[in-house]
**Q** 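Okay, here's the structure, questions in a sec.
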Amino acid sequence: METREIVKRYIFFFIGLFIMAFGVTFSIKASLGTSPISSVPYTTSYISGLSVGKATIIMNCVFILLQIAILRKQFEWIQLMQFPATIIFGYMIDLAGYIINRITFTNYVQQWILCIIGIILVGLGVSCEVAANVITNAGEGVVLSICKVFPVKFGNAKVAFDVTLVCISILISFLCLGRLEGVREGTIVAAIFVGQIAKLLNKPLKKVEKVLLS
């Protein structure tokens, strides 16, 4: 790829991250449970006093180290770009949280509206990252690494990964708080629909990729 195309693809990738950051913060604002990938950072931030963005940075850095441990010599060193990307993403989450801080809800229906907005934005953000075709998201990178080393289909590995994160979040929540925090009905809906929305948007974003990124 030419330098100009690479730059455009990274810009598109970071646009996807910014959209996803707003999706995460809308899900948190809805108070119906975060998406599976955000459940651990939310719970740990609630307990530790760290911002969700900083907790996300820590978790994603662990995910990158996991990729290196799983793949070893197969690890593509360009994927080290995930480190600066995850730091930027973490601060984007905190910025998005600051921007939508004044948004409030007064009933359950409004909570679901905020939750649905969050789910759609996360799905759109994921689609933009895929269309950019540069580096992978840290969490997704772990799933792809597992699929490279073990005979597991991506869909099955992704479901198992998300379920594991939710279980860890529930365990941490009960051990440290004595109650469930950050995992609710919205978490289940996000687990089902984020991937479906991303798939739905992949085709139109492929057209965008051909026009803008080539």
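Predicted model only: the values in this text are computed from it and were never measured.
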**Q** Within the supplied structure, the quantity of interest is the number of heavy atoms (other residues, nucleotides, ligands) at a distance under 6.0 Å from K54 NZ; does it exceed 12?
**A** no
**Q** Got a sec: does the CZ of R4 have more than 12 other heavy atoms crowding it under 6.0 Å?
**A** no
**Q** Counting N and O atoms only, with roles assigned by atom type, does the side chain of D94 sit under 3.5 Å from a partner on the main chain of G53, one being a donor and the other an acceptor?
**A** yes
**Q** Would you call the rings of W112 and Y108 parallel, tilted or perpendicular, taking 30° and 60° as the class edges?
**A** perpendicular
**Q** Once you round to the nearest 0.5 Å, how far does CE of M20 lie from CD1 of I15?
**A** 13.5 Å
**Q** Apply side-chain contact (heavy atoms from CB on, under 4.5 Å) to residues F13 and C128 and explain how you reach the verdict.
**A** CA-CA 6 Å; F13 175 82; C128 289; over 6 Å; no
**Q** Check whether T43 reaches the backbone of V40 with its side chain - one donor and one acceptor, N or O, closer than 3.5 Å.
**A** no
**Q** Kindly indicate, with the supporting measurements, whether the criterion side-chain contact (heavy atoms from CB on, under 4.5 Å) is fulfilled by I68 and L80.
**A** CA-CA 9 Å; I68 296 170; L80 288 176; 4.2 Å; yes
**Q** What distance do Q67 atom CD and E140 atom CD have between them, rounded to the nearest 0.5 Å?
**A** 10.0 Å
**Q** Hey, any chance V142 and V194 share a hydrophobic cluster, counting ILVMFWY side chains that come within less than 4.5 Å of each other, even indirectly?
**A** yes
**Q** Can you establish whether the number of heavy atoms outside Y98 located under 6.0 Å from its atom OH is more than 12?
**A** no
**Q** Which heavy atom of F26 sits nearest a heavy atom of I100, and at what distance?
**A** N-CD1, 3.8 Å
**Q** From the options I88, I93, I87, select the one residue that forms a side-chain contact (heavy atoms from CB on, under 4.5 Å) with Y91.
**A** I87
**Q** Does some side-chain heavy atom of F105 sit less than 4.5 Å from a side-chain heavy atom of S31?
**A** yes
**Q** Measuring centre to centre across the rings, with the benzene-like ring taken for any Trp, is F63 within less than 6.0 Å of F161?
**A** yes
**Q** So does P41 get a backbone contact from the side chain of S45, meaning a donor-acceptor N/O pair under 3.5 Å?
**A** yes
**Q** In Å, rounded to the nearest 0.5 Å, how long is the span from CD1 of I119 to CZ of F193?
**A** 8.0 Å
**Q** Could you tell me which residues satisfy side chain to side chain contact (heavy atoms under 4.5 Å, CB included) with I58, sequence neighbours excluded, listed by chain and number?
**A** L50
**Q** Answer yes if L165 and L171 sit in the same cluster of Ile, Leu, Val, Met, Phe, Trp and Tyr residues linked by side chain heavy atoms under 4.5 Å apart, and no otherwise.
**A** no
**Q** Going by side-chain heavy atoms closer than 4.5 Å, which hydrophobic residues are tied to V159, directly or by a chain of links?
**A** V163
**Q** Under the side-chain contact (heavy atoms from CB on, under 4.5 Å) rule, what do T44 and M59 come out as? Steps first, then yes or no, please.
**A** CA-CA 10 Å; T44 53; M59 183 186 74; over 6 Å; no
**Q** How many angstroms lie between CD in E185 and SG in C115, if you round to the nearest 0.5 Å?
**A** 8.0 Å
**Q** Would you say I37 ends up clustered with I168 if hydrophobic residues are merged whenever their side chains have heavy atoms under 4.5 Å apart, either directly or through other cluster members?
**A** yes
**Q** If you measure from OG on S173 to CD1 on I47, what distance do you get to the nearest 0.5 Å?
**A** 6.0 Å
**Q** To the nearest 0.5 Å, how far apart are CG in L180 and CD1 in I170?
**A** 5.5 Å
**Q** On a heavy-atom basis, which atom in P36 and which in T187 lie closest, and how many Å separate them?
**A** CD-O, 3.9 Å
**Q** Has Q111 got a side-chain atom pairing as donor or acceptor with A30's backbone, closer than 3.5 angstrom?
**A** yes
**Q** Which heavy atom in S127 sits nearest to a heavy atom in A198, and how many Å separate them?
**A** OG-O, 2.9 Å
**Q** Taking side chain as C-beta onward, heavy atoms only, is L124 less than 4.5 Å from I197?
**A** no
**Q** Donor-acceptor pair, R9 side chain versus A132 backbone, under 3.5 Å?
**A** yes
**Q** Taking all atoms of both residues into account, what is the closest heavy-atom pair of F154 and C147, and its distance?
**A** CA-SG, 3.5 Å
**Q** Do L114 and I192 land in one hydrophobic cluster if side-chain heavy atoms of ILVMFWY residues count as linked below 4.5 Å?
**A** yes
**Q** Of all heavy-atom pairs between S169 and S39, which one has the smallest distance, and what is that distance?
**A** OG-O, 3.2 Å
**Q** Between T136 and Q82, is any side-chain donor less than 3.5 angstrom from a side-chain acceptor?
**A** yes
**Q** Measuring centre to centre across the rings, with the benzene-like ring taken for any Trp, is F18 within less than 6.0 Å of F22?
**A** yes
**Q** Might you confirm whether atom OH of Y10 has over 12 heavy atoms from other residues, nucleotides or ligands at distances under 6.0 Å?
**A** yes
**Q** With T86 as reference, evaluate N137, N60, T56 under the side-chain hydrogen bond (donor to acceptor under 3.5 Å, both in side chains) test and give the passing residue.
**A** N60
**Q** Going hydrophobic residue to hydrophobic residue with side-chain gaps under 4.5 angstrom, can you get from L144 over to L71?
**A** yes
**Q** Could you tell me which non-hydrogen atom of F89 sits nearest to which non-hydrogen atom of A21, and how far apart they are?
**A** CE1-N, 3.7 Å
